[in-house]
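Right, one structure below, let's go through it.
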Amino acid sequence: MRKAREDGYRSRAAFKLLEINTRDRLLIPGARVVDLGAAPGGWSQVAAQKAGAGRVVAIDLLEIAPIAGVHVLQGDFREPAIRASLAKALNGEKADVVLSDLSPNISGIASTDQARSAELVRLALDFCREQLAPGGAFLVKVFQGEEFAGLLKEMKAMFHEVRTLKPSASREESRETYLLCRRHFAKDLQSNCR
């Protein structure tokens, strides 16, 4: 966390996104980016630096202190009012990139934590079905466990390319990994690709 503060980031997670973006060019200038579960805002800071000011929307149940170049929405991304505010912030356009570093409140019981995490991933996938533009990308944190294979299958039904990533900034002992999903199928193609 000290290095994050020294570099002006709100969380260590910023380094994970920076590493992924260096390798995979996920965030390009002009991209419309939605950051789900954005608090405290490290990923949104990186997204604003890479995509450009005014193209990033951060959403979280928790309050997020203002971030230069980021439109912050406090609330549940499933709620109609938040969806309406998101549409307004993106001028009625769909996102090019959806980021999700969502994490449940950790109980310490691995099976419970994995199940809760998988549920959050599925909610973020549902969000992508409605809010991600055809050809768009989705980066999501997942925990290895019983649900992992099922989540992978669901993502492969929605995207042309799905890759597993473990940034070096992640703690070695952590079960977290990231799935980078690219080239979102258009809605009319999804039924043909399952």
Side-chain angles (χ1 to χ4, degrees), residues 4 8-14 16-18 20-21 24-105 116-142 151 154-155 158-159 178-190:
Y9 293 114
R10 296 181 181 192
S11 68
R12 276 183 61 254
K16 299 172 193 176
L17 183 55
L18 284 164
I20 291 167
N21 192 64
D24 293 288
R25 281 192 38 83
L26 177 64
L27 302 166
I28 60 172
R32 295 177 300 274
V33 182
V34 177
D35 184 5
L36 303 178
W43 276 23
S44 294
Q45 288 177 295
V46 172
Q49 289 168 1
K50 302 298 180 185
R55 309 293 288 185
V56 179
V57 180
I59 306 174
D60 203 298
L61 292 170
L62 303 173
E63 186 174 347
I64 302 171
I67 302 168
V70 177
H71 189 98
V72 176
L73 299 175
Q74 184 177 0
D76 188 326
F77 63 81
R78 298 171 294 176
E79 294 295 322
I82 293 294
R83 297 280 179 105
S85 296
L86 173 63
K88 186 175 179 185
L90 293 180
N91 296 319
E93 297 183 89
K94 300 226 182 261
D96 298 306
V97 179
V98 172
L99 304 173
S100 175
D101 200 25
L102 287 165
S103 185
N105 291 326
R116 289 178 180 164
S117 173
E119 177 60 22
L120 291 174
V121 172
R122 287 191 172 97
L123 291 173
L125 266 177
D126 287 343
F127 179 89
C128 287
R129 284 185 181 96
E130 293 181 25
Q131 303 295 330
L132 185 61
F138 177 44
L139 177 66
V140 61
K141 176 169 61 183
V142 297
L151 291 170
E154 287 179 53
M155 290 181 195
M158 285 180 61
F159 295 88
Y178 291 85
L179 292 174
L180 176 58
C181 309
R182 300 192 97 140
R183 296 188 295 137
H184 181 239
F185 293 128
K187 280 190 179 183
D188 58 331
L189 295 176
Q190 285 184 25

Practice task
Only counting residues at least two apart or in another chain, list the ones meeting ring-ring contact (aromatic ring centres under 6.0 Å, His included) with Phe138.
Solution key: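 Result, ring-ring contact (aromatic ring centres under 6.0 Å, His included) vs Phe138: none returned.
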How close do [X] and [Y] get, heavy atom to heavy atom, and via which atoms?
| X | Y | answer |
| --- | --- | --- |
| Val70 | Ala48 | CG2-CB, 3.7 Å |
| Gly75 | Ile82 | CA-CD1, 3.9 Å |
| His184 | Ala133 | ND1-O, 3.5 Å |
| Ser103 | Leu120 | C-CD1, 3.6 Å |
| Cys181 | Met155 | SG-SD, 3.5 Å |
| Ala124 | Ser100 | CB-OG, 3.9 Å |

If I take atom [atom1] from residue [X] and atom [atom2] from residue [Y], how far apart are they, to the nearest 0.5 angstrom?
| X | Y | atom1 | atom2 | value |
| --- | --- | --- | --- | --- |
| Lys94 | Leu132 | NZ | CG | 9.0 Å |
| Ile67 | Asp35 | CD1 | CG | 8.0 Å |
| Trp43 | Asp101 | CH2 | CG | 4.0 Å |
| Leu180 | Phe159 | CG | CZ | 9.5 Å |
| Leu36 | Ser44 | CG | OG | 9.5 Å |
| Asp96 | Leu26 | CG | CG | 10.5 Å |

Exercise for the section: Flag yes if more than 12 heavy atoms outside Lys50 fall under 6.0 Å of its NZ atom; otherwise flag no. Expected result: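 Incorrect, the count does not exceed 12.
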Problem - Stepwise side chain to side chain contact (heavy atoms under 4.5 Å, CB included) test for Val34 and Gln131 - result: CA-CA 9 Å; Val34 177; Gln131 303 295 330; over 6 Å; no
Handout entry: Side chains of Gln74 and Val72 in contact at under 4.5 Å (non-hydrogen atoms)
Key = no
Exercise for the section: Report yes if some heavy atom in the side chain of Leu151 is under 4.5 Å from a heavy atom in the side chain of Arg122; otherwise report no. Expected result: yes
Practice task
Could you give me the CA-CA distance, side-chain angles and deciding distance for Leu17 and Leu27, then say whether side chain to side chain contact (heavy atoms under 4.5 Å, CB included) is met?
Solution key: CA-CA 10 Å; Leu17 183 55; Leu27 302 166; 4.0 Å; yes
All N/O donor-acceptor pairs, side-chain side in residues 83-93, below 3.5 Å, sequence neighbours left out:
{"residue": "Arg83", "atom": "NE", "partner": "Phe77", "partner atom": "O", "Å": "2.6"}
{"residue": "Arg83", "atom": "NH1", "partner": "Glu130", "partner atom": "OE1", "Å": "2.5"}
{"residue": "Ser85", "atom": "OG", "partner": "Ala81", "partner atom": "O", "Å": "3.2"}
{"residue": "Glu93", "atom": "OE1", "partner": "Arg32", "partner atom": "NH1", "Å": "3.4"}

